[in-house]
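Each ligand, and each atom within it, is numbered from 1 in the order the structure gives. Just so it is clear, the values below take in all heavy atoms, side chains as well, and ignore hydrogens, waters and symmetry mates. We count residues from 1, following the sequence as given.
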Amino acid sequence: MSLKTQYDNGNIFAKIIRGDIPSTKIFEDDNILAFMDAFPQSLGHCLVIHKTATATNILDIETADLNKVTSAVQKLARAVNAALQPDGIRVAQFNGAPAGQTVFHLHFHIIPIYENMDTSQHGESKASDPEMLQATAERIHQAL
Ligand code: AMP
């Protein structure tokens, strides 16, 4: 998938937005959806996406829409910090397969880092227990 790839409505996050497949939601409004990464690199790894902007990456999203996403990223990072009290927070965003992108709907990762817990590498995590994801989403939601 090059940086010039056209947006595909069949991508997995488009399916999540439409409700065609389930997700563990933390926050949602008319523009933004924040949900748990199903293959978390650490406890509390979550994703923030725009619901209507059909952008594959940071190059092809309208700036106003990007601003809504980044505002939500800050809001979620603050909630993750308050709820889970990590030692650090990594915010990551990948553009194009050579850069590590695997889902071609623009998204930001919020990855809490804990000094005494391992953090997996991007693309190398196992699926999480759905009950653990739900419980963590509720903790973050409460802190919004
Ligand atoms: P990227 O590699 O930056 O495109 O990130 C895509 C992310 O989506 C990865 O961290 C995956 O673990 C995550 N992911 C893939 N499928 C799902 C899904 N069905 N629900 C939640 N997260 C997913």
4.0 Å heavy-atom contact, Gly100 with ligand 1: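 Within the 4.0 Å threshold, so yes.
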If you measure every N/O of [X] against every N/O of ligand 1, is any gap under 3.5 Å?
X	result
Val103	yes
Gln101	no
His45	no

[atom]: which protein heavy atom is closest, and how many Å away?
atom	value
atom 11 (C) of ligand 1	Asp37 OD1, 3.4 Å
atom 19 (N) of ligand 1	Ile12 CD1, 3.8 Å
atom 16 (N) of ligand 1	Phe39 CE1, 3.9 Å
atom 2 (O) of ligand 1	Thr102 OG1, 2.6 Å
atom 20 (N) of ligand 1	Ala38 CB, 3.6 Å

I'd like to know whether the aromatic ring centres of [X] and [Y] sit less than 6.0 Å apart in this structure.
X	Y	result
Phe35	Phe13	yes
Phe94	His109	yes
Phe27	His141	no

Of the backbone atoms (N, CA, C, O) and the side-chain heavy atoms from C-beta on, which set of [X] has a member under 4.0 Å from an atom of ligand 1: side chain, backbone, both, or neither?
X	answer
Phe108	neither
His107	side chain
Phe35	side chain

Show me which atoms of ligand 1 lie under 4.0 Å from any heavy atom of [X].
X	result
Ile16	20 (N)
Met36	21 (C)
His122	1 (P), 2 (O), 3 (O), 5 (O)
Phe13	8 (O)

Would you say the side chains of [X] and [Y] form a donor-acceptor pair under 3.5 Å?
X	Y	result
Glu138	Gln142	no
Asn11	Tyr7	yes
Ser71	Asn67	no
Asp8	Gln6	no

Over 12 foreign heavy atoms within 6.0 Å of CD, Gln134: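 Result for CD/Gln134: enclosed.
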Verify same cluster id: Met117, Phe39 (apolar side-chain graph, 4.5 Å):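 Met117 and Phe39: separate clusters.
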Side-chain touch Cys46/Val80, heavy atoms, less than 4.5 angstrom: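 SC-SC contact between Cys46 and Val80 confirmed.
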